[in-house]
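Note sheet for the following structure.
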Amino acid sequence: MPKIVDHARRRDEIAHVACQVVARHGFEQATVARIARAAGYTTGMVAHYYESKQDIILAALRLILLRIEVRLTHEREGGEANLLDVLSEALAIDAQRFTECAFWMAFWGQVSADKKLKRLNVWVHREYMRLFTRCFAEHWPEWLEWPQSTRDQVVRSVVTFINGLSASAVTSPSDWPAHLQVEQLRLQLELLRQWANTKRARGAVK
């Protein structure tokens with residue numbers, strides 16, 4: 001009886017390995033042959049699922065975004081989570097998240113020189129904004145009372161902050177243990193919340 005192959009699972013496996021290879025060796029050195037070798041497949045097998053390296057990278061991006069979405073939106077045991085707990089899921093606070101952040105850094109390093117990657121980056125940024133906006137709306141009761149311009153500023157600030165913090169954690173991991181990353185994010189959220197509420201109060205007075 002022929003063996004039944006789960007092709008969707010195999011595609012995800014290749015994408016997952018690609019993420020690890022890019023994080024470990026950089027974008028340029030993450031060849032299709034190296035990805036195939038790390039996955040335990042031949043290059044021909046990988047080519048059966050993906051036409052090019054860029055297709056593999058796109059699949060890896062989608063896989064990482066899906067994992068981030070699941071982590072940001074899943075229900076947590078032991079009561080309702082706060083926004084800090086939720087957004088901390090996007091930080092480089094364990095081995096898997098560190099690999100994901102290292103992948104992003106390698107990807108961003110190629111964006112400026114590649115038009116297709118630029119388009120992908122626009123899509124990635126839009127997805128990040130959507131996810132983070134959803135998190136704010138679910139965890140900050142006053143969120144919808146703020147003007148749209150204020151909400152946009154808050155989300156952009158947090159996304160930019162997490163990107164910068166993740167880059168620092170990847171390049172200088174000994175300087176950025178998990179607890180320090182979370183503490184810095186807590187401070188950023190507190191400052192932004194205070195700023196937005198103060199801005200709203202001043203607007204109400206006027």
Using every non-hydrogen atom in the two residues, find where [X] and [Y] come nearest and quote the distance to one decimal.
| X | Y | result |
| --- | --- | --- |
| Ala102 | Val170 | N-CG2, 3.7 Å |
| Val21 | Ala38 | CG2-CB, 3.8 Å |
| Cys135 | Val86 | SG-CG1, 3.7 Å |
| Phe27 | Lys53 | O-NZ, 2.5 Å |
| Phe98 | Ala169 | CE1-O, 3.5 Å |
| Leu87 | Ile162 | O-CD1, 4.2 Å |

Side-chain heavy atoms of [X] within contact of [Y], under 4.5 Å:
| X | Y | result |
| --- | --- | --- |
| Gln181 | Leu185 | no |
| Ile56 | Tyr49 | no |
| Leu120 | Gln54 | no |
| Trp143 | Glu138 | no |
| Glu100 | Ile68 | yes |
| Gln29 | Arg24 | no |
| Met129 | Val159 | yes |

Shared ILVMFWY cluster between [X] and [Y], side chains joined below 4.5 angstrom?
| X | Y | answer |
| --- | --- | --- |
| Phe161 | Leu180 | yes |
| Leu187 | Leu84 | no |
| Val122 | Trp104 | no |
| Trp108 | Phe132 | yes |
| Met105 | Leu63 | no |

Side-chain donor-acceptor contact under 3.5 Å, Gln188 with Gln184:
no
Checking His48 now: which residues fulfil side chain to side chain contact (heavy atoms under 4.5 Å, CB included) with it, not counting sequence neighbours?
none
Side chain of [X], backbone of [Y]: donor and acceptor closer than 3.5 Å?
| X | Y | result |
| --- | --- | --- |
| Glu69 | Leu131 | no |
| Tyr41 | Ile35 | no |
| Arg71 | Ala90 | no |

Rounded to the nearest 0.5 Å, what separation is found between the [atom1] atom of [X] and the [atom2] atom of [Y]?
| X | Y | atom1 | atom2 | answer |
| --- | --- | --- | --- | --- |
| Glu183 | Arg186 | CD | CZ | 4.0 Å |
| Arg130 | Thr133 | CZ | OG1 | 9.5 Å |
| His179 | Ser88 | NE2 | OG | 13.0 Å |
| Arg10 | Met45 | CZ | CE | 4.5 Å |
| Arg151 | Glu145 | CZ | CD | 10.5 Å |

Under the side-chain hydrogen bond (donor to acceptor under 3.5 Å, both in side chains) definition, can you give me all pairs with a residue in residues 153-178, not counting sequence neighbours?
Gln153-Lys199
Give the intermediate values and the outcome of side-chain contact (heavy atoms from CB on, under 4.5 Å) for residues Trp146 and Asn197.
CA-CA 8 Å; Trp146 298 342; Asn197 282 326; 3.1 Å; yes
Check this for me: does any side-chain nitrogen of one of Glu127 and Arg62 sit under 4.0 Å from a carboxylate oxygen of the other?
no
Ion pair Glu13/Arg9, N-O distance below 4.0 Å
no
Would you call the rings of Trp140 and Phe136 parallel, tilted or perpendicular, taking 30° and 60° as the class edges?
perpendicular
Parallel, tilted or perpendicular: which fits the ring planes of Phe107 and Phe103, with parallel below 30° and perpendicular above 60°?
parallel
Counting only heavy atoms not in Gln148 (residues, nucleotides, ligands), do more than 12 fall under 6.0 Å from its CD?
yes
Under the salt bridge (Lys or Arg N to Asp or Glu O under 4.0 Å) test, which residues partner Arg34, sequence neighbours left out?
none
Do Tyr128 and Val155 pass the side-chain contact (heavy atoms from CB on, under 4.5 Å) test, and can you show the C-alpha distance, the side-chain angles, and the key distance before you say yes or no?
CA-CA 9 Å; Tyr128 259 104; Val155 176; over 6 Å; no
Under the criterion side-chain contact (heavy atoms from CB on, under 4.5 Å), I'd like the reasoning laid out for Ile64 against Cys19: C-alpha separation, chi angles, the key distance, then a yes or no.
CA-CA 8 Å; Ile64 292 173; Cys19 176; 3.4 Å; yes
Pair His16-Asp12, side-chain contact (heavy atoms from CB on, under 4.5 Å): steps then yes or no:
CA-CA 6 Å; His16 174 67; Asp12 284 348; over 6 Å; no
